[in-house]
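One structure is given below, encoded as C-alpha cells.
Quick note on labels: first sequence line is chain A, next is B, and so on, each numbered from 1. Hydrogens, waters and symmetry mates are skipped; everything else that's a heavy atom, side chains included, is used.
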Amino acid sequence: MTTIDQILTDWVRAEFTRIFPEAGDALSAVQVVSAGSPDYGDYQCNAALALARSLKRKPRDIAQTFLDQASRPESVERLEVAGPGFINIHLKTIWLAGHVAAVLKDERLGVPTIGTGRTVVLDYSSPNVAKPMHIGHIRSTVIGNALDRLHRFLGYRVISDNHLGDWGTQFGIIIMGYRHFADQQALADSPVEELERIYVKSYEQSKAGDEWLQQCRQELVKLQAGDAENQALWRQFVDLSLKEFNRIYLRLGVAFDLTRGESYYNPRLPAVIDMLQQKGLARESEGALVVFLEDEKLPVCMVRKSDGGYNYATTDLATLISRQEEFDPETIVYVTDERQQLHFKQIFTVGKKLGIRARLHHVWFGLMRLPEGTFSTRQGNVIKLERLLDESETRALAVVRQTSPAMPENQQKAVARAVGIGAVKYADLSQNPQSLVTFSWDKALALDGNSAPYLQYAYARIRSVQDKYRDQFPGRDPEAFPIRLDEPVERALALQVARFAEAVTMAARLYKPSVLADYLFALSGLYNGFYQNVPFLKAPEGVRESRVRLCGVVARILRQGLDLLGIETPERI
RNA sequence: ACCCCCGUAGCUCAGGCGGAUAGAGCAUCGGAUUUCUAAUCCGAUGGUCGCAGGUUCAAGUCCUGCCGGGGGUGCCA
C-alpha cells in the first residue's frame, strides 16, 4: 500500500513539474506533509515558498497558479492558498474512509516491506561478563531490540548480535580475585554478584600494590596463551554470566541471532594487523602499532599495544571484517552509550580504508545517571536491572489489584508483568535517546500520562468494546458495513490510522523508536477522545458498525506498534 | 587545550527537509461517570526556545562567538 503523504507527494510533484518545468532540480524537493493544525486542512504543501526564488515569482502567485492548473486526484476534496503561500489540502472524507478500510484489510496495516533483500547487522546490549546488568544497560538492550523488531517487520534480514564483553584485561583481575577471595557458597547462590564482588576487591588490591597488578597481568597472559586452568575459569565466568543475562533477556522478551563475545574474534586479531600493515595503514609509534588518521582529523587509533597485546579497536575491526565477509550487510548498526562515539568514528574510518562496503551507523544514547552523579560498579551505587524490573512489576501489581479486584490473581500478576516491564521499556523508548538521563524511580515507573500503560489501557478498552459488541449483536459482521467518518473526532482518528506506515518507516530510517512511540501515544489520545465523546454500541446501526471497525483497526495498530517496541498488550488490564 | 552532545513551561521531555499562533506528560486549579474499563476525558494556569550577533520572505531548527552541564581525547572497554 502507498501512504497518503506519498500519494499526494507524487501527484503534487508531477503537477509542479508539468506546470513549472523551469524550476528544474528544485522540483525534487517538492513534497506534501501532514498539516500543522486541523485548521489548515489534512495535508499541506510548502513548495510554493521554496520555489519562489528559483522561479522569481511571489509564493502566493505560484500557489494560485498551481490551484488553477493542477489536476485533482480522486482523493482531494479541495485546495486552498493560505498565509504566505501554503497550499492546504483537504481530503475527501469518503476517500479517507476507503483508505482506512484498506489499511484495516491489510495484513501489514499498510506498512510496506521496504527491507526485502536487504541485510542489516544490529549490535546491541553487549554487557560485560562478570558484572551484573544494571539500569545503564537497559537503554542499549531496549532501543536495540526495538530497532531489531522494526527492521524485521519492514522485511529486512536482520542479524542481531550480542557482542559480549567477555575478553580483556579485567579477566586477569577476576582470576586473581577468584583464587584469593571466592566464596563458593555465594558463587552458587548469586554467581554474578559474587564475581563482581571478587572483581572489585581484586581491583582495589591492584590499586594498592604493584605486585598484585603484576600477578593479574600474568594470569591474563596465561589465559590468553591457552592455559587450561585459566581457560576453564574463564569459561565458567562466561557461562555463569550468560545464564543470568538470559534470565533477564527472557523477562524482557529479547532474543539474539548470535551471541558472539569479543573472544570469538580473538583468533582473527593477528590477521587484522597483517591487513593493516599490508595496506600500509599501521605504523610503529612509541613501541605500539597505530593507525594515523590525521587526514580525517581524528586521534590515532592504536591496534597493538607496546607489550604486544591487542585492544578493543583491534577486536572491533576484526568483528567488522568478519561481519562483512559472513553476511555482506547493507548496514551495520551499533547501539552503545555516548562514550564510544570517537571510538566508532575511528573504527568506521579504518574499516572503510580496509574495504568495508557496508554503511556503518552508530546509534548512541546518553549515559544514565543518578541524581547524585554517575554510578559505577566500583563505587557500589549501581541499581541492578533486575531490581528495577521487580520494583516496576510490584508497583503495577498494586495498581492492578486496586483497579481490577475481581480479576483472578494469576491474571493480575500476568497483567502486572506486562504493564511493569512495558512501563520501564517505554520510559526509554519514548524519548530521544541522545540526551543524558537522570534516573528516577518515579519516571522509570510512571504508569500514567505518556506511558506504556496508557497505550495498553486503550487497547484493553477496545477489546472490551469488541467483546460487548459480539455479546449484544451475535452473528453480526461489522465488516459488512462501510467506514463512516461523520464526526470530526472520527476523521482525525482515521487520519492518524492512515499514518501508521509513515511512523514505522520513519522510526526505522532515523533509528529512533521514539518516533513510533510518539505516534502511538497520539493515536491513543485521539482514540480516548473518540471513546469518551461518541457512543459505539448505542449508536444507530451502520454508525455503530463503522465505529466498531475503527476500534478494531486502532487495536491492531496498537498491538502491532507496541509489539515493534517490544511491549506486550494484555487483553484486559 | 582540542573534539562530540545537550540547554525549550515549576519538573521531565517532543519538536525528519528552515514554514502558519512553539507542543505533550507530570504538578497546580476547575469540571465530566444512572451509559461501551475514570490507568480516562474536557478546560485553565504556565514560554525573552541559555545569551549575543549573522544568513533570508521566514530561525527552536542553519552559521559564528560566548555562558552553563555532560562525555571523550594512543597502551581500560
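Using a 4.0 Å heavy-atom cutoff across all strands shown, A:Val489 reaches no nucleic acid atom at all. Using a 4.0 Å heavy-atom distance criterion, A:Asn88 is classed as a base contact. In this structure, A:Val33 reaches the bases: a heavy-atom distance under 4.0 Å links it to at least one base atom across the strands shown. Among the heavy atoms of the strands lying under 4.0 Å from A:Glu262 are primed sugar atoms or P, OP1, OP2 only; no base atom is included. Within 4.0 Å (heavy atoms only), A:Ala522 reaches no atom of the nucleic acid at all. Residue contacts for A:Val400: at a heavy-atom cut-off of 4.0 Å it reaches a base atom on one of the strands shown. The residue A:Arg304 sits apart from the nucleic acid: no heavy atom pair falls under 4.0 Å. Counting non-hydrogen atoms under 4.0 angstrom, A:Leu298 reaches nothing in the nucleic acid. Residue A:Asp39 is classed as a base contact, given a heavy-atom separation below 4.0 Å to a base. Residue contacts shown for A:Lys58 are absent, as no nucleic acid heavy atom lies under 4.0 Å away. Counting non-hydrogen atoms under 4.0 angstrom, A:Val290 reaches a base of the nucleic acid. Among the atoms of the strands shown, base atoms are found under 4.0 Å from some heavy atom of A:Ser306. Residue contacts shown for A:Lys297 are absent, as no nucleic acid heavy atom lies under 4.0 Å away. Contact annotation for A:Tyr531: base contact, defined as any heavy-atom pair under 4.0 Å involving a base atom.
Residue A:Thr403 places none of its side-chain N or O atoms closer than 4.0 Å to OP1 or OP2 of B:A39. Contact annotation: A:Tyr454 reaches the phosphate of B:C41 (side-chain N/O to OP1 or OP2, under 4.0 Å).
Going from atom CG of A:Asp448 over to atom P of B:U37 covers 21 Å, rounded to whole Å. Rounded to an integer number of Å, the gap from CZ of A:Arg53 to P of B:U56 is 8 Å. Taking atom OH on A:Tyr312 and atom C1' on B:G72, their separation rounds to 9 Å, with Å as the unit. Between A:Tyr426 atom OH and B:A14 atom C1' there is a gap of 11 Å when expressed in whole angstrom units. For the pair A:Asn533 CG and B:U35 C1', the computed distance is 14 Å after rounding to whole Å. Here B:C3 presents its P atom at 17 Å from CH2 of A:Trp364, a figure rounded to the nearest Å. Between A:Glu338 atom CD and B:C5 atom P there is a gap of 11 Å when expressed in whole angstrom units.
In the model, A:Ser126 has a side-chain atom that pairs as donor or acceptor with a side-chain atom of A:Asp123 under 3.5 Å. With hydrogens and angles left out, the side-chain atoms of A:Asn266 and A:Ser263 include no donor and acceptor closer than 3.5 Å. In the model, A:Tyr519 has no side-chain atom that pairs as donor or acceptor with a side-chain atom of A:Glu502 under 3.5 Å. Judged purely by distance below 3.5 Å, without hydrogens or angles, the side chains of A:Tyr264 and A:Asp166 never pair a donor atom with an acceptor atom.
Between the A:Gln412 side chain and the A:Ser404 main chain, a donor and an acceptor come within less than 3.5 Å of each other. At least one donor-acceptor pair under 3.5 Å links the side chain of A:Gln341 to the backbone N or O of A:Glu338. Without hydrogens or angle criteria, A:His362 side chain to A:Trp364 main chain gives no donor-acceptor distance under 3.5 Å.
Salt-bridge annotation for A:Asp161 and A:Arg260: absent, with no side-chain N of the basic residue lying under 4.0 Å from a carboxylate O of the acidic one. A:Glu545 and A:Arg476 are joined by a salt bridge, as a carboxylate oxygen and a charged side-chain nitrogen come within less than 4.0 angstrom of each other.
Both thresholds, 5.5 Å between centres and 30° between ring planes, are met by A:Phe86 relative to the base of B:A20, so the two rings are stacked.
Spacing of C1' atoms, B:G53 relative to B:U45, comes out at 35 Å, to the nearest Å.
With distances taken from any side-chain atom of A:Thr169 to the nucleotides B:C76, B:C36, B:C4, the minimum falls on B:C76.
Taking a pair as Watson-Crick or G-U with both hydrogen-bonding distances under 3.5 Å, the stems of three or more pairs touching RNA chain B are B:1-7 with B:67-73, B:10-13 with B:23-26, B:28-32 with B:40-44, B:50-54 with B:62-66.
A:Gln44 contributes a side-chain N or O that forms a donor-acceptor pair with the base of B:A20 under 3.5 Å. Contact annotation: side chain of A:Tyr40 to base of B:U21, donor-acceptor pair present below 3.5 Å.
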